[in-house]
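Right, one structure below, let's go through it.
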Amino acid sequence: MVALGAWFEIYDVFFTAYIGPGLRSGIFTTSTVNFFGFTGLGAFVAAMFAGLFVGTLVFGQLADRFGRRAVFTGALLWYTAAAVLLACQHTAEWIIFFRFLTGIGAGAEIVTIDSYTTELVPANSRGRSFAFLQAIQFSAVPTVALVAWYFVPTAPLGIDGWRWVVWIGCAGAVAVWFIRLGLPESPRWLAQRGRIAEADAIVSRLEREIVARTGSLLPEPEPQPPVVQEAEVSFAELWRSRYRGRTIMMLVFNFFQSIGYYGFASWVPTLLIAKGINVTHSLLYSFVIAIANPIGPLLSMTFAERIERKWIVVGSATSMAIIGLIFSRQEDAALIVALGVAMALASNCLTFSYRAYQAELFPTRMRSRAIGAVYSISRISAMFSGFLIAFCLRDFGVTGVFALIAGSMAIVVATIGIFGPRTNGLKLETVSA
């Protein structure tokens, strides 16, 4: 149920890349005369990340106060409504405004999903669980690529194809919103808030379901210290000696990983067009590349718990830098697609591993707030990267874009490789302590 709701969130985030060629027909331009030009496609990309910044930083912390489940379901309805209105607009300014609103809902959703998943799965399967979650989530990427390939070059019923791409994603999200009302609250969050009886009832129900499925009794739980109900935390605690190092590490990491990740993911069709491939073929090739998005996390499940999480992050970022530079030098269509698939595999391996990693580093009482704080900086960098990549594409071509991506990944590798603690197989209380 978590993954189904997240599916439409990913559909919403990633249609940026695939409706880009359609938006360039009379509404936006690929590049702008000024760095912050609002008529360029970079402004549309930036609006989403500006909204994601507000959603992760401001609204993400609501999950620590009101619960994972409430923010979970409300955020989905928020960005679905905003997306419906976005597809009704005809000017760049209003499209940018509603794209900002959809980003707010998606930002709150992403933070809550990561907190919720981390708190519900055992220590020895957090990596696999995030990989499985992302495999389902990111099946939305080839779906939106396929839908865009069919609709964007056309105008069914006289309506621009890119509008249909947005509306199709909204239709299913409404149904999933009702389905997810059946999700339980996080027992860890309830216990932290002093609602022990409610937490115990949820865990007991889960235990009964597992016994019924497996036909065998569960082992006795290991002795744990009693849950201490602590006062609400503030952003200031992230900068105290206990968590300051991790906060700085993840801020640096998130700032640069988003340039590398979204620099490719949000610009695939446009980068292909810049290499001389026409709109229809660029969308077809983008669909083939997008198929790798759910496959990458599924393959990662085979080693998610065998390799320390920080080294999966480091290896994925290194691969992205190397593959991207090779991609930028190719002209043959088959090689371009093959390298694009490899880039997508590496980038999705990076995504699932760092999402699990950063959620493990902070305690339950401040998990959503901390994730939102460190994650929000990636939205700032991604927002400016929209303008920066458009600028690089104009002045330095595709090679310049991938040089920027490679440099960003090098900083990611150094940050996590040198300063990141190990987390695999450790209880959340142990990691956060």
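Because the structure is a prediction, the values reported are computed rather than measured. The figures that follow rest on heavy atoms only: side chains count, while hydrogens, waters and symmetry mates do not.
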Can you confirm whether more than 12 heavy atoms, excluding those of Phe132, are under 6.0 Å from its CZ atom?
no
Other residues, nucleotides, ligands: >12 heavy atoms within 6.0 Å of Trp239 CH2
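Yes, enclosed.
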Using the rule given for side chain to side chain contact (heavy atoms under 4.5 Å, CB included), can you reason through Leu57 versus Tyr375, listing the C-alpha separation, both sets of side-chain angles and the distance that settles it, and then say yes or no?
CA-CA 8 Å; Leu57 183 62; Tyr375 216 2; over 6 Å; no
Mind running side-chain hydrogen bond (donor to acceptor under 3.5 Å, both in side chains) on Gln192 and Thr364 for me, showing each step along the way?
CA-CA 7 Å; Gln192 183 64 58; Thr364 298; 5.5 Å; no
Would [X] and [Y] pass as an ion pair if we require N to O under 4.0 Å?
| X | Y | result |
| --- | --- | --- |
| Arg69 | Glu185 | no |
| Arg126 | Glu305 | no |
| Asp114 | Arg68 | no |
| Arg188 | Glu429 | yes |

Would Leu85 and Trp94 satisfy side chain to side chain contact (heavy atoms under 4.5 Å, CB included), going step by step from the backbone distance to the final call?
CA-CA 9 Å; Leu85 294 173; Trp94 280 110; over 6 Å; no
Contact summary for [X] and [Y], nearest pair of heavy atoms:
| X | Y | answer |
| --- | --- | --- |
| Thr351 | Ser347 | OG1-O, 2.8 Å |
| Leu238 | Ala373 | CD1-CB, 3.6 Å |
| Trp162 | Ala87 | CZ3-CA, 4.1 Å |
| Ala148 | Val165 | CA-CG2, 3.8 Å |
| Met409 | Ala321 | CB-CB, 3.9 Å |
| Ala346 | Ser319 | CB-CB, 4.0 Å |

If I take atom [atom1] from residue [X] and atom [atom2] from residue [Y], how far apart are they, to the nearest 0.5 angstrom?
| X | Y | atom1 | atom2 | answer |
| --- | --- | --- | --- | --- |
| Leu426 | Asn124 | CG | CG | 11.0 Å |
| Arg379 | Ile104 | CZ | CD1 | 13.0 Å |
| Leu404 | Phe256 | CG | CZ | 9.5 Å |
| Trp7 | Ile136 | CH2 | CD1 | 12.0 Å |
| Asp12 | Cys170 | CG | SG | 7.0 Å |
| Phe72 | Ser186 | CZ | OG | 11.0 Å |

Any donor-acceptor pair under 3.5 Å from [X] side chain to [Y] backbone:
| X | Y | answer |
| --- | --- | --- |
| Lys310 | Gly420 | yes |
| Ser115 | Thr112 | no |
| Trp78 | Leu101 | yes |
| Trp189 | Asp64 | yes |
| Gln89 | Phe98 | no |
| Gln134 | Asn348 | yes |

Step-by-step side-chain hydrogen bond (donor to acceptor under 3.5 Å, both in side chains) determination, Glu109 to Tyr79:
CA-CA 9 Å; Glu109 187 84 350; Tyr79 70 70; 4.6 Å; no
With a 4.5 Å limit on heavy-atom distance, are the side chains of Phe255 and Ser408 in contact?
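Answer no - side chains too far apart.
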Counting C-beta onward and ignoring hydrogens, is there a side-chain heavy-atom pair between Phe362 and Ser368 closer than 4.5 Å?
no
Side-chain donor-acceptor pair under 3.5 Å between Arg128 and Ser125, yes or no?
no
When Met250 is tested against each of Val374, Ile371, Ile377 for side-chain contact (heavy atoms from CB on, under 4.5 Å), which residue passes?
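For Met250, the side-chain contact (heavy atoms from CB on, under 4.5 Å) test succeeds with only one of Val374, Ile371, Ile377, which is Val374.
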State which residue, out of Val314, Ile416, Asn424, fulfils the side-chain contact (heavy atoms from CB on, under 4.5 Å) condition with Arg309.
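Exactly one pass, corresponding to Asn424.
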Could you walk me through whether Asn254 and Gln358 pass the side-chain hydrogen bond (donor to acceptor under 3.5 Å, both in side chains) check?
CA-CA 10 Å; Asn254 275 295; Gln358 71 183 5; 3.1 Å; yes
Check against side chain to side chain contact (heavy atoms under 4.5 Å, CB included), Leu361 and Met249:
CA-CA 11 Å; Leu361 297 179; Met249 176 185 72; 3.8 Å; yes
Checking Val412 against Val252 for the side chain to side chain contact (heavy atoms under 4.5 Å, CB included) test, could you report, in this order, the C-alpha distance in whole Å, the side-chain angles of both residues, the deciding distance, and whether it holds?
CA-CA 8 Å; Val412 164; Val252 173; over 6 Å; no
Phe253 and Tyr354 aromatic ring geometry - parallel, tilted or perpendicular at 30°/60° bounds
perpendicular
